[in-house]
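Below is one structure, written out as structure tokens; the observations come after it.
Nothing fancy with the numbering, it's 1 onward along the sequence. Note: hydrogens, waters and symmetry copies are ignored here, and every other heavy atom, side chains too, is used.
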Amino acid sequence: MEEVRDQNTQVEGIESGLEADKSQNSIKRTGNLWTASAHIITAVIGSGVLSLAWAMAQLGWIAGVTTLVVFSAVTLYTSNLLADCYRTPTGAPCHTYTQVIKNNFGEVMYGVCATVQYAILGGLLVGYTITTSISIVAIEKSECFRNKGHEAVCRSSHIEYMIGMGIVEVLLSQIPNFDKLSFLSLFAAVMSLAYASIGAGLAFVKFVSGKGGGTSLGGIEIGIGLSPSQKMWRGFRAFGDIAFAYSYSIILIEIQDTLKATPPENVVMKRANTVAAATTTAFYMMCGCFGYAALGNHAPGNMLTGFYEPFWLVNVANACVVAHLVGAYQVCAQPIFKAIEQRTRRRFPKSKFINAEYSIGIGKHKLTINLFRLIWRTMFVALATLVSMIIPFFNDILALLGAVGYWPLTVFFPIELYITTNKIPWHTWRWLGLQTINVTCLLVAVAAGCGAVEGLSRGLKGYTPFKFVE
């Protein structure tokens with residue numbers, strides 16, 4: 001009986017998959033070069049751009065600019081390799097990044113890919129909570145300086161703002177399909193472009209006015225307060241921050257799936273990758289280079305915290321950061337919520353606690369409550385908030401996320417997919433070149449990860465949990 005039941009379950013799963021494919025194929029795909037380019041650009045430019053001035057300060061003009069260009073080139077190359085893997089050998093399209101992995105490498109590698117993906121998403125929630133508190137405190141300090149002058153001692157605690165962020169996200173997490181709200185992506189894109197543009201503009205104005213900080217070809221100099229080993233670790237963390245800014249390959253298959261079938265999707269997607277890479281790299285260069293030129297070798301981890309005038313414009317930029325991250329938090333959290341909830345429902349299909357939905361009337365509106373969703377999502381957001389309060393280190397968190405996510409998702413899987421689908425022999429020069437890129441990026445990721453861990457350990461030595469005051 002168990003065997004028959006398992007077979008029936010498999011058949012139902014296959015039929016469900018076929019129906020999903022039919023439904024997907026019935027959707028008219030209208031995407032083109034410009035829509036794909038716009039999707040990539042708006043997805044890429046986010047909070048990672050705020051750390052680029054600090055990264056440049058650690059590496060200096062030569063290594064900093066070179067690193068940005070190299071990461072851009074590698075990301076563009078591997079993204080184009082991934083574009084050729086959108087369709088299976090039979091011509092069927094793959095609708096998600098993880099589906100491509102599963103079709104080519106099976107369940108084990110699919111599990112590895114999904115684990116890395118969810119780990120990155122969970123880490124982003126911590127990073128978003130920290131960044132939100134930093135931006136709110138920056139607004140508070142800006143108002144303090146405006147009222148009391150720049151010589152005033154203005155210090156604020158981040159903890160209550162992290163808790164406030166957690167409370168807001170607990171409430172938003174209870175909205176079913178929050179990530180499907182059509183305006184969310186557009187709103188987040190506008191906010192991220194706004195604060196990144198304001199930051200670059202403020203840096204440019206400060207630099208051309210002759211008030212920029214001291215810079216050098218090699219970045220911050222070894223001396224009092226900075227040993228050679230600390231300089232090295234900071235450089236490694238800078239690699240991680242830049243890697244984080246270019247970690248977007250996991251969305252490319254989904255974007256390619258919106259393109260019209262003619263001309264061929266891979267051809268259009270490669271052009272979109274080129275347009276997006278050129279645009280984002282130019283934007284990163286402006287934020288990183290202008291920020292470094294304006295703030296110098298002692299640029300802060302979050303570029304916006306280095307500016308306090310004009311007060312209103314700096315406050316607008318920081319408010320845009322907060323607005324962007326409040327929505328972006330849910331975009332990252334919802335896939336984790338759904339993965340756990342779907343698996344739990346399959347495991348306990350008859351449990352009312354897990355499956356029952358209760359409607360609560362609020363005026364003319366009805367809110368659907370599920371007890372498991374309420375408790376589990378609240379506990380998860382609370383855990384992310386707690387971790388944020390324990391390790392509130394912006395640059396180190398970004399570097400760790402970049403180290404963990406960039407190599408496997410942006411380099412390893414696209415290269416291995418390309419080798420597998422094109423049956424490239426291992427003894428050829430093409431195979432050797434691809435594996436050279438693979439191994440080199442792995443070494444950089446390991447170095448960035450070590451730098452991030454060293455930074456976290458160093459920060460924790462002098463930090464009292466739940467007393468983050470600046």
Please set out all donor-acceptor pairs under 3.5 angstrom arising from side-chain atoms of residues 397-404, sequence neighbours excluded.
none

Exercise. Side chains of Thr281 and Leu76: does their closest heavy-atom pair fall under 4.5 Å?
Worked result: no

Seminar exercise, completed: In terms of heavy-atom contacts, Val381 and Ser173 come closest through CG2-OG, 3.7 Å

Seminar exercise, completed: Taking every heavy atom of Val126 against every heavy atom of Val387, the minimum-distance pair comes out as CG2-CG1, 4.0 Å

Exercise. Under the side chain to side chain contact (heavy atoms under 4.5 Å, CB included) test, which residues partner Thr305, sequence neighbours left out?
Worked result: Ile134, Ala138, Pro300, Asn302

For this session: Determine which pairs satisfy ring pair (Phe, Tyr, Trp, His ring centres under 6.0 Å) with at least one residue from residues 286-307, sequence neighbours left out, and list them in order.
Result: Trp61-Tyr292, Phe204-Phe290

For this session: Report yes if some heavy atom in the side chain of Ser247 is under 4.5 Å from a heavy atom in the side chain of Leu409; otherwise report no.
Result: no

For this session: Report yes if the side chains of Thr215 and Met56 come closer than 4.5 Å at any heavy-atom pair, otherwise no.
Result: no

For this session: Hey, could you give me each pair passing salt bridge (Lys or Arg N to Asp or Glu O under 4.0 Å) that has a residue in residues 76-85? Not counting sequence neighbours.
Result: Asp84-Lys270

Exercise. For Glu454, which residues count as a salt bridge (charged side-chain N to carboxylate O under 4.0 Å, His left out) partner, sequence neighbours excluded?
Worked result: Arg237, Arg458

Exercise. Between Val74 and Cys441, does a side chain to side chain contact (heavy atoms under 4.5 Å, CB included) hold up when you go through it step by step?
Worked result: CA-CA 9 Å; Val74 170; Cys441 290; 3.9 Å; yes

Problem set entry | Heavy-atom closest contact (Cys94 atom, Ile253 atom, distance) | O-CG2, 3.4 Å

Exercise. Can you tell me if OH on Tyr77 sees more than 12 non-hydrogen neighbours from other groups inside 6.0 Å?
Worked result: yes

For this session: Side-chain contact test, heavy atoms from C-beta onward, threshold under 4.5 Å: evaluate it for Ser135 versus Tyr161 and give yes or no.
Result: no

Problem set entry | Evaluation steps, side chain to side chain contact (heavy atoms under 4.5 Å, CB included), between Thr421 and Tyr86 | CA-CA 10 Å; Thr421 55; Tyr86 169 67; over 6 Å; no

For this session: Scan for salt bridge (Lys or Arg N to Asp or Glu O under 4.0 Å) pairs involving residues 67-82, sequence neighbours excluded, and state none if there are none.
Result: none

Exercise. Hey, which of Thr274, Asn266, Asn273, Thr75 is the one that makes side chain to side chain donor-acceptor pair (under 3.5 Å) with Asn80?
Worked result: Asn273

For this session: Not counting sequence neighbours, which residues clear ring-ring contact (aromatic ring centres under 6.0 Å, His included) with Tyr246? List them please.
Result: Tyr284

Exercise. With under 30° as parallel and over 60° as perpendicular, where do the rings of Phe337 and Phe380 fit, or are they tilted in between?
Worked result: perpendicular

For this session: Would you list the pairs meeting ring pair (Phe, Tyr, Trp, His ring centres under 6.0 Å) in which at least one residue belongs to residues 419-450, sequence neighbours left out?
Result: none

Problem set entry | Close side-chain approach of Trp407 to Asn438, heavy-atom, < 4.5 Å | yes

Problem set entry | Closest approach of Ile220 to Asn297 (non-hydrogen atoms, all atoms of both residues) | N-OD1, 3.6 Å

For this session: Can you establish whether the number of heavy atoms outside Arg87 located under 6.0 Å from its atom CZ is more than 12?
Result: yes

Exercise. Ser142 versus Trp312: any side-chain heavy-atom pair under 4.5 Å?
Worked result: no

For this session: Name all residues meeting the side chain to side chain contact (heavy atoms under 4.5 Å, CB included) criterion together with Lys211; count only those two or more places apart in sequence or in a different chain, and write none if there are none.
Result: Lys206, Ser209

Problem set entry | Set of residues satisfying side chain to side chain contact (heavy atoms under 4.5 Å, CB included) with respect to Leu313, sequence neighbours excluded | Ile198, Leu202, Pro310

Seminar exercise, completed: Sorted by chain and residue number, the ring-ring contact (aromatic ring centres under 6.0 Å, His included) partners of Phe71 (sequence neighbours excluded) come out as Tyr406

For this session: Using the salt bridge (Lys or Arg N to Asp or Glu O under 4.0 Å) rule, collect all pairs that involve residues 88-114, keeping only residues at least two apart or in two chains.
Result: Lys102-Glu107

